[in-house]
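Have a look at the structure below before the remarks.
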Amino acid sequence: MPPGPPGSAGHGTTLEERTEDVERLVRLLSRGRSVRLTGPAGSGRTRLLDAVATACADLAPDGVVRLSGYHRTAADLLHALFAAVHHAPQHRPDRPELLRLVAEIGAIVVLDDLEFGGAALDELLDATPECAFLIATTPDVAAPSAGSHLEEVFLGGIGRAGCVRILERAVDRPLTTTRRPGPPTCGSSPRGCRCGSSRPPPCSGSTTGTATAPAPSTTATASSRPSSPGPRTAARTAPTRTAPTGQTAPRPGCPPSARPPRPLRCSPRG
């Protein structure tokens, strides 16, 4: 197993906001009841199992047995339980002998990351009548059968205060609640305005509050266009169009365009 990150030693000794959960699970296991603990990934199931295993160290004659159900079947877990209690290296009993040996084991079995339920879980529990199981699974694992007599406990998240204390232990310093946001940068607001407004500031040459409308089209048909004068002569002799109020008139001599004219930055050319 790779070493933990620097500064992580000693931070796992405190379990935040789980005192009542630990007491409840220990109480159920001490009565010989088996419990199925369900919680999403990252909810602290493994840390809770560690705390319960420590509190249950003296409850059963064979002590506490820690097993992992990751990618394991019920038969695999029975062999793992046998190997944890009986010192029998290089010996793998057959099925009848295995069932006889595990039926005599009296232990608190803490089983993490179990990946099956239903009939397979019934097989595991029926083969170990003297054991009390604490099983941790995720919500997507199949539920146990109705006759399994498992206590169902759902593990929720912790509060904001507990999360802050965990972070403070992780970074070895208290966290402050004061945060000053920096100045917005280009692209942080609509249309990239640094001031944070959704409307850009008015540009030079334009009048605030004045709308710019598309220039009226001056395209004429071939029959009405004069044949002798050139393009500039035709533009000079064309009648002057007056733009409506609040609109910008097209510059003389410019070809018609479908785009609205940009705000003027300098005086128009004659």
Assigning hydrophobic clusters by single linkage (Ile, Leu, Val, Met, Phe, Trp, Tyr; side-chain heavy-atom cutoff under 4.5 Å), is V153 placed with V110? yes
For V65 and L81, which heavy atoms make the closest approach, and how far apart are they? CG1-CD1, 4.0 Å
Give me the atom names and distance for the closest heavy-atom approach of A136 to L49. CB-CD1, 3.7 Å
According to a hydrophobic-cluster definition based on side-chain heavy atoms being under 4.5 Å apart (Ile, Leu, Val, Met, Phe, Trp, Tyr only), do L121 and L78 belong together? yes
What residues form a side chain to side chain contact (heavy atoms under 4.5 Å, CB included) with A60, not counting sequence neighbours? I108
Any idea which heavy atoms bring L29 and R33 closest together, and the distance? CD2-O, 3.4 Å
Can you confirm whether R36 sits close enough to E151 that some side-chain heavy atom of one is under 4.5 Å from a side-chain heavy atom of the other? no
Lys/Arg-Asp/Glu bridge criterion (N-O < 4.0 Å) met for D113, R72: no
Give me each pair satisfying ring pair (Phe, Tyr, Trp, His ring centres under 6.0 Å) with a member in residues 81-122, each pair once, sequence neighbours excluded. F82-H86
Is there a path of hydrophobic side-chain contacts, each under 4.5 Å between heavy atoms of I/L/V/M/F/W/Y residues, joining L99 to L101? yes
Taking only residues two or more places apart in sequence or in another chain, which ones pass side chain to side chain contact (heavy atoms under 4.5 Å, CB included) with T73? A75, D76
With heavy-atom distances below 4.5 Å as the criterion, would you say the side chains of L111 and L77 are in contact? yes
Could you tell me which non-hydrogen atom of V64 sits nearest to which non-hydrogen atom of A57, and how far apart they are? CG2-CA, 3.8 Å
Indicate every side-chain donor-acceptor pair of residues 20-28 with a distance under 3.5 Å to a residue at least two apart or in another chain.
residue	atom	partner	partner atom	Å
D21	OD2	R18	NH1	3.4

Would you say L155 ends up clustered with L150 if hydrophobic residues are merged whenever their side chains have heavy atoms under 4.5 Å apart, either directly or through other cluster members? no
For D94, is the CG atom crowded, meaning more than 12 foreign heavy atoms sit under 6.0 Å from it? yes
Kindly say whether P144 contributes a backbone atom to a donor-acceptor pair with the side chain of S148 at under 3.5 angstrom? no
Checking D112 against T46: is there a side-chain donor and acceptor pair closer than 3.5 Å? yes
Please tabulate, one pair per line, all N/O donor-acceptor pairs under 3.5 Å involving side-chain atoms of residues 124-133, not counting sequence neighbours.
residue	atom	partner	partner atom	Å
T128	OG1	L124	O	3.0

On a heavy-atom basis, which atom in R45 and which in A41 lie closest, and how many Å separate them? NH2-CA, 4.3 Å
Strictly by modelled atom types, are S145 and D122 linked by a side-chain donor-acceptor pair under 3.5 Å? yes
Can you tell me how far the CG atom of L134 sits from the CZ atom of R66, to the nearest 0.5 Å? 8.5 Å
Among all residues two or more places apart in sequence or in another chain, which pass the side chain to side chain contact (heavy atoms under 4.5 Å, CB included) test with P40? S43, F154
If you apply the rule side-chain contact (heavy atoms from CB on, under 4.5 Å), what do you find for L67 with V109, and how did you get there? CA-CA 7 Å; L67 298 177; V109 182; 3.9 Å; yes
